[in-house]
Number of protein chains: 2
Amino acid sequence: MPGERGTRERLIEVAAELVDEGGPAAVTLREVGARAGVSHNTPYRHFADKRDLLAVVAAGSLRDLAARFRAAGGDGAERVLRAALSYLEWAAEHPARFKLVFGAWGPEPHDELGAAAGAATEAMHACVAAAVEDGSLAGDPERVAAMVWALGHGSVDLALSGHLAKRPTSPTAEELVRELIGRLSV
Amino acid sequence: MPGERGTRERLIEVAAELVDEGGPAAVTLREVGARAGVSHNTPYRHFADKRDLLAVVAAGSLRDLAARFRAAGGDGAERVLRAALSYLEWAAEHPARFKLVFGAWGPEPHDELGAAAGAATEAMHACVAAAVEDGSLAGDPERVAAMVWALGHGSVDLALSGHLAKRPTSPTAEELVRELIGRLSV
DNA sequence: ACCTGAACACCGTTCAAGT
DNA sequence: ACCTGAACACCGTTCAAGT
C-alpha cells in the first residue's frame with residue numbers, strides 16, 4: 001500500500017504526536033507501542049533507549065525548521081525577517097516540541113540531533129550573510145545572525161514559559177523581532 | 001541550634017541540590033527524603049506534589065535573580081549591562097536550575113512561581129526605565145527591557161543547549177548582550 | 001501536627017523465547 | 001530480522017496507623 005510505512009517511522013510519528021499532546025513526560029514507551037500497534041518494548045529494536053527516540057523526534061523537527069528558513073521569500077533584511085517570523089510560527093505550532101528540541105539533553109551529544117541543529121543554524125546564517133552582503137543589514141554577519149537567533153529564541157521561550165506576558169503592556173515576540181531587525185537595518 | 005531549620009526548608013534545599021546535580025529527573029521524592037533524613041512520603045506533608053516542590057525551588061532561584069538585578073551597580077545603560085551580565089552569571093552557575101525555571105510548567109499556573117517571575121521582571125524593567133529616563137538608552141522602555149531580557153535569555157538558553165556554539169566563530173552570550181546594549185545606547 | 005510502613009499503579013529496561 | 005511476555009528495579013502517590 002502507498003500509505004504503508006515501516007515500524008520505525010510509525011514509532012517516530014507516534015512519539016511526536018505524544019510530545020505535542022502532553023510534553024516529553026507523556027511519551028511512555030508503552031503508549032508509543034500501543035498506538036503503533038506493537039508491544040511496549042519493540043522500540044528497543046529501533047532505538048537505543050527513550051532518549052534516543054526523543055532525540056530523533058527533535059532532529060526531525062529541526063529539519064522542518066531549516067526547510068522553512070530555506071523557503072523564506074524576499075531578499076536581504078526582508079528575507080531575514082520572514083525567516084525569523086517562520087521560527088516564531090514553528091514554535092507556536094508545536095510548543096511542546098520546541099521545548100523538547102531546546103531542552104536538557106545532558107552532556108553527551110546525539111549525532112543526528114547535533115547535525116540537524118547545525119543545519120538549521122547554517123540556514124539562518126545563510127539568510128543573514130546575504131542581507132549583510134547586499135547592504136540591507138549592518139554589522140558582523142556572525143554576530144547579527146546570532147543576535148537574531150538569540151532574540152527570536154528568547155522571545156518565544158519566555159512567551160511559552162508565560163514569563164514574557166507578565167506585564168499587561170508587554171510586547172509580543174513578533175514585535176521584538178521586528179524591532180531588532182529594524183534597528184539592525186542600515 | 002542556630003543552623004537548625006524546619007523540615008520544609010531542608011526539603012527545598014535538598015531538592016535544589018539534586019536539580020543542580022542531575023536536572024529535574026534526578027529529583028526523586030525518595031532521594032529527597034533520604035537526604036533530608038525523613039521518609040519518602042514526608043514531602044506530601046509540606047507540598048501538594050512533586051511539581052509543587054520543584055516550583056518552590058524555581059521560585060527561590062528567581063528571587064535570587066531579582067536580588068542580583070537590584071544589587072547591580074552603576075547607572076543608566078551601564079547598570080542595565082551589569083544586570084544583564086548577572087543574568088548570564090546566574091545561569092552559568094546553576095544551568096540545571098535555569099532550565100527548570102523556564103521549563104515546561106504546563107497550562108495551570110503556580111502562584112509562588114508566578115509571583116517570583118513577576119518580581120524578577122519588574123526588577124529588570126526598573127533598571128531599563130531608569131536608563132531610558134536618563135537618556136543613556138533609546139526607545140520605548142517596555143520594548144527595550146523585553147529585548148534585553150529576550151536576547152539575554154535566548155543567548156544563555158542556546159548556549160546551554162549547545163546550539164549556539166555550533167560554529168567555531170560563534171560569539172559568546174556576553175558578546176551578544178554587549179553588542180545589543182551598545183546598539184540600543186544613544 | 002508530623003511522620004512512618006505498606007501498598008498500588010505505573011514506567012524504563014532486560015532477556016529468554018518465539019516466528 | 002523482528003516481535004512478544006514475563007520479570008526487575010524504580011518511582012509518584014495514597015492511606016491507615018503510630019507519636
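This one's a predicted model, so the numbers in the text were calculated from it and none came from an experiment.
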Nt span of DNA chain D in reach of chain B heavy atoms at under 4.0 Å, 5' end first, is D:dC11 to D:dC15
Starting from the 5' end of DNA chain D, give me the residue, A:R30 or A:R45, whose nearest nucleotide shows up first. A:R45
Could you let me know what D:dA17 is paired to, Watson-Crick or G-U wobble, both distances under 3.5 Å, or none if it's on its own? none
Using Watson-Crick or G-U wobble geometry with both distances below 3.5 Å, tell me the partner of D:dC11, or none. none
Is there a side-chain contact between B:R70 and B:R68 in this structure, where contact means two heavy atoms from C-beta onward sitting under 4.5 Å apart? no
Heavy-atom distance under 4.5 Å between the side chains of A:V27 and A:V57, does that happen here? no
Determine the contact category for B:V27: base if any of its heavy atoms lies under 4.0 Å from a base atom, sugar-phosphate if only primed atoms, P, OP1 or OP2 are that close, otherwise nothing. sugar-phosphate
Within this structure, what is the CZ-CD distance for the pair B:R35 and B:E17, rounded to the nearest 0.5 Å? 5.5 Å
Look at A:E89 together with A:R82 and state whether they make a salt bridge at an N to O cut-off of under 4.0 Å. no
Surrounding CD of A:E133 (heavy atoms of other residues, nucleotides or ligands, distance under 6.0 Å), is the total greater than 12? no
Can you list every side chain to side chain donor-acceptor pair (under 3.5 Å) pair that touches residues 149-158 of chain A, not counting sequence neighbours? A:Y87-A:H153, A:K99-A:D157, A:H153-B:D157, A:D157-B:H153
